[in-house]
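In what follows, a single structure is set out as structure tokens and then discussed.
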Amino acid sequence: MVQMSSSELLGQNIWELFPAAVETEAYEQFHQAMAEQTPRQFDYFYAPWNCWHDHRIYPSPTGLTVLIADISDRKQAAAALHQSEERLQIAVLSAKLGMWFWEIATDTLIWTEPCKALFGLPPNHPAITYADFIELLHPDDRQRTDAAVTHAIQNRADYDIEYRTVWQDGSVHWIGAKGSCIYDSAGQPLRMNGVVIDIDDHKQAEEEIRQNRDRLAFVLRTAEIGLWLNALPLSSLVWDDRTKELFFVPPGVEPTIEWFWSRLHPDDREPTRLAIEEALRDRTLYDIHHRAINPDTQEIRWIRSAGIATYAPDGTPIQFDGINYDITDRKRAELNDQFLNHLDLRLRQLSTAETMVEEALSSVGKFLKVDRCLWDRIYWAEDLAIVEQDWSQQEMPSLIGTYHLSEFILPDLVSLFQKGQPAVASDVTTYPYTAPFADNLASFNIRAFVGVPCMYEGTWVATLAINSSTVRNWRPDEVALLEEVVARLWSLIEHTRAVQELRQSEAEFRQLANAMPQIVWISDANGTLEFINDRWTEYTGLTLAQSQDQAAMQQVIPLEDYAQLQAGFIQAQEARSPYQSQFRLIQPDGTYLHFLTRAIPLLDQHGQIRRWYGTSTDITGLKQLEVELRQKNAILDVINESAPAPIFVKDRQGHIIYANPATLKVLGKTAEEVIGYRDCDLYSNPEDAARVMENDRRVMASGQMEVVEESPDGIRTFLGMKVPYRNETGDVIGLIGISNDITDRVQLERDREIILQQEQIAREAAETANRIKDEFLAVLSHELRSPLNPILGWSKLLQQGKLDAEKTKTALLTIQRNAQLQSQLIDDLLDISRILRGKLRVNAMPVDLNAVILAALETVRPRR
């Protein structure tokens, strides 16, 4: 072990022989065994020798007996086993692997925790029976799984199956199971052991692969893509039906490489061969566009082929697979687009409509390889078609001339053209719209044709037609090409005519501009003049070239005005908005002419300014009028501000738009509280406001001035003159009013009326008093006369002396009584006079009413 002899070892200190063991576990174990005198056994790894030793120590009072055995192999095997167990555990955990053990005799299934987890069972779930296991499976998999277990037991075969398990939450999971059976010496089955693994991801991947395969088949079928799988070297070819169809291979024929080359267009064979060689050599994608040709009908089909090779380990290509799909429509569209672009370029280089039509007819005829191409103008209301130009592939009689539509086509075809739809006839003898006139068309060598109407503002005005002298099945792309040619040709013709009209319009514009009294100018987007009319030269003496020089312009426009023009123009440029400003022109005598310049920008389709169109109007007279107007306005402002009479202006709706201070004073409000409001918003009494607004409405409706008396507050009275306010066209847009406060005058008139009424009353009272006085005098005369009559009568009788004593006494008494009555009457008159003069004195005394009554009766008693 130590590679030393006994003589070399005897007498040596062990720790000197093995210094690496000092202060190690072995060192401590040796000393403890000696100190405690107890046997020891331990394993120790000695690093210098890279090996494990089993130490057994037996102490004695005189020393230690040590037995050492090399156990490196055992240790390595144990480590390997431990490592293997760890790896197995890791593999089981990472692979979701579960182990199961079925004791057949006792029908007991023992599952590891990972195995239970795969079946959706908790770790502490007890052992189950085989029948319990079957119940955990998906119903559709139970019989199949049971049959597999029975087969494995009976035939001593491996158990290998995939099935689904249904968890308690209803979810379904796929499991892969493997196992084998152990038998006793008599060949009876004892137990089955095995593993299960989660294959959900695998099954999902399989399903995705299946779906992807189905999708690929659907895409290939829907997109009409052909598939080819060719083993190398190329001999027989594996083509699907679509690829055979693309290369005109008859059904049932197995294609060969010779078939492939024979179906390629001769011009495409060499480029295809080179592309295949390059792809195989450089391991790149094979991708080419080539044409397949039908040897029987000469039909050409464009095909895009793409593929990639598979290589052997030594780099030899062994398989070449790919796809084909029809790109004929796209290629034809590309060729048509190229033709249209080239035709458009050529047409734009021509200057007349006639040469454009001529170029279009020859180009279309050659490109489509037709016998004839013609252009006619249509006057369908007159049943006329006038062929203006035609082109023919060979020497054919010209068809230029006038024809009756009804001699060649039915009215239904006329209606078709009027709707803007093309007519496509592969054979005029069977085409329903021309069959009755097939002989007429044949006389012009027309057997098949396509006619595309040209529509202008919804009316059929012209036709582009191509003819074939033989039956021909026209392709949709050929018809579409003709429709596009018609659209472009007509637009170019119209453009050419528009250019000619524009030139004429420009000449007319110049003539009109020079006839205008204003300065007319056009500039580019930056303000450089491109056109000026004669007025500018007359005002400034500058030509267009001179006017493009800023120094020359600054000689006729003051510097401050020129700077203002430039600043305003820059702002209008940035805002892309109309431009307006004023400037002065310096006259030879040093005076100024004032001009108002206005311009509007012309924008392109991107909103950018192309040029400016402007006018400059001489407003010198207007400026003078403005000065006068300002003076007049200043005077008017002074009048308005200082006038004591309210002055106001209202719009058509009755809103006050101006009110002078007198108006505001009357209303007792500020301008902010008045301007913009109506009378109904300002007056406290709605009835007063309504009367004022009705007066305003009547004046604006009649358009006539009125003088009205109004009382806005019900206290003061104003006499207003209201006049309709008109705009430049004479339309009434409001009302102007001027009011005078006539409250005092109205009060005077009211007082005067009262005085007049009082005077009238007094006059009537006086008249009544006079009448009463007259009546009183008449009564008084009667009353004064009444007592005198008895006195005079009895006095005459007394004078005659014919009365006896009794009668005399009666006469005297009567005279006395009537005299007293007359005296009393006179006293009453005096009392009335005193009453009138306020000097009546009342003497209280007793009155004998009997005497009064008798006297009254006597007075009124009729005399006999």
Side-chain angles (χ1 to χ4, degrees), residues 84-85 87-222 227 240:
S84 177
E85 290 177 348
R87 291 174 178 173
L88 177 60
Q89 184 69 17
I90 294 173
V92 168
L93 293 176
S94 61
K96 298 181 180 180
L97 192 67
M99 292 182 289
W100 52 271
F101 311 94
W102 179 31
E103 295 293 338
I104 299 176
T106 61
D107 191 17
T108 303
L109 266 173
I110 300 174
W111 287 351
T112 61
E113 290 185 3
C115 182
K116 294 177 182 179
L118 292 177
F119 284 84
L121 300 178
N124 58 355
H125 196 278
I128 63 175
T129 65
Y130 178 76
D132 296 333
F133 158 70
I134 294 298
E135 286 296 322
L136 293 174
L137 302 184
H138 192 281
D140 295 342
D141 297 343
R142 291 172 184 172
Q143 184 177 355
R144 180 172 56 85
T145 304
D146 182 62
V149 171
T150 302
H151 178 271
I153 293 174
Q154 293 177 352
N155 296 281
R156 292 177 178 262
D158 289 337
Y159 168 65
D160 189 352
I161 193 172
E162 294 177 352
Y163 51 74
R164 289 164 291 178
T165 178
V166 182
W167 289 11
Q168 293 179 356
D169 61 3
S171 59
V172 178
H173 302 269
W174 276 95
I175 290 178
K178 293 180 181 294
S180 61
C181 187
I182 300 174
Y183 303 84
D184 61 12
S185 58
Q188 294 299 316
L190 294 177
R191 70 181 64 87
M192 283 190 74
N193 302 327
V195 296
V196 290
I197 187 171
D198 183 354
I199 60 171
D200 265 343
D201 294 341
H202 172 69
K203 282 294 182 179
Q204 184 177 356
E206 285 184 351
E207 180 63 19
E208 290 178 356
I209 291 173
R210 185 191 64 78
Q211 292 178 357
N212 289 337
R213 188 182 298 111
D214 292 342
R215 293 190 189 104
L216 177 60
F218 173 76
V219 170
L220 292 176
R221 183 172 62 256
T222 304
L227 186 66
D240 67 356

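Within 6.0 Å of CD in Glu103 there are more than 12 heavy atoms belonging to other residues, nucleotides or ligands.
A donor-acceptor pair under 3.5 Å links the side-chain atoms of Thr145 to the main chain of Asp141, judged by distance alone. Formation of a donor-acceptor pair under 3.5 Å by the Arg191 side chain with backbone atoms of Ile182 is not found in this model. Between the Tyr183 side chain and the Ile153 main chain, a donor and an acceptor come within less than 3.5 Å of each other. One N or O on the side chain of Thr165 and one on the backbone of Leu136 form a donor-acceptor pair closer than 3.5 Å.
Checking Trp102 against Asp107 by side-chain atom types alone, a donor-acceptor pair falls below 3.5 Å.
Residue Lys178 comes nearest to Trp100 through the heavy atom pair O-CZ2, 3.6 Å, listed as atom of the first residue, atom of the second, then distance.
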Q: Go through Asp140 and Arg164 one step at a time and tell me if the side-chain contact (heavy atoms from CB on, under 4.5 Å) criterion holds.
A: CA-CA 9 Å; Asp140 295 342; Arg164 289 164 291 178; 3.6 Å; yes
Q.
Is there a side-chain contact (heavy atoms from CB on, under 4.5 Å) between Glu135 and Ile128? Walk through the geometry before answering.
A. CA-CA 11 Å; Glu135 286 296 322; Ile128 63 175; over 6 Å; no
Q: With side-chain contact (heavy atoms from CB on, under 4.5 Å) as the test, would you mind laying out the steps for Tyr130 and Asp146 before giving the verdict?
A: CA-CA 10 Å; Tyr130 178 76; Asp146 182 62; 2.7 Å; yes
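One finds the CG atom of Leu190 at 7.5 Å from the SG atom of Cys181 (value rounded to the nearest 0.5 Å). Here Asp198 contributes atom CG and Ile175 contributes atom CD1; the two are 7.5 Å apart, rounded to the nearest 0.5 Å. A distance of 10.0 Å separates CE in Met192 from CG in Leu109, rounded to the nearest 0.5 Å. Atoms CD1 and CG, on Ile110 and Asn193 in that order, are 9.5 Å from each other to the nearest 0.5 Å. We find the CG-CG distance between Asp158 and Asn155 to be 11.5 Å, quoted to the nearest 0.5 Å.
Every residue two or more places apart in sequence or in another chain that forms a side-chain contact (heavy atoms from CB on, under 4.5 Å) with Lys203 is listed here: Glu162, Trp174, Ile199, Glu206.
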Let me have the donor-acceptor pairs involving side chains of residues 111-119, under 3.5 Å, with sequence neighbours excluded, atom names and distances please.
{"from": "Thr112", "atom 1": "OG1", "to": "Met99", "atom 2": "N", "distance (Å)": "3.1"}
{"from": "Thr112", "atom 1": "OG1", "to": "Met99", "atom 2": "O", "distance (Å)": "3.3"}
{"from": "Thr112", "atom 1": "OG1", "to": "Cys115", "atom 2": "N", "distance (Å)": "3.4"}
{"from": "Lys116", "atom 1": "NZ", "to": "Pro123", "atom 2": "O", "distance (Å)": "3.0"}
{"from": "Lys116", "atom 1": "NZ", "to": "His125", "atom 2": "O", "distance (Å)": "2.5"}

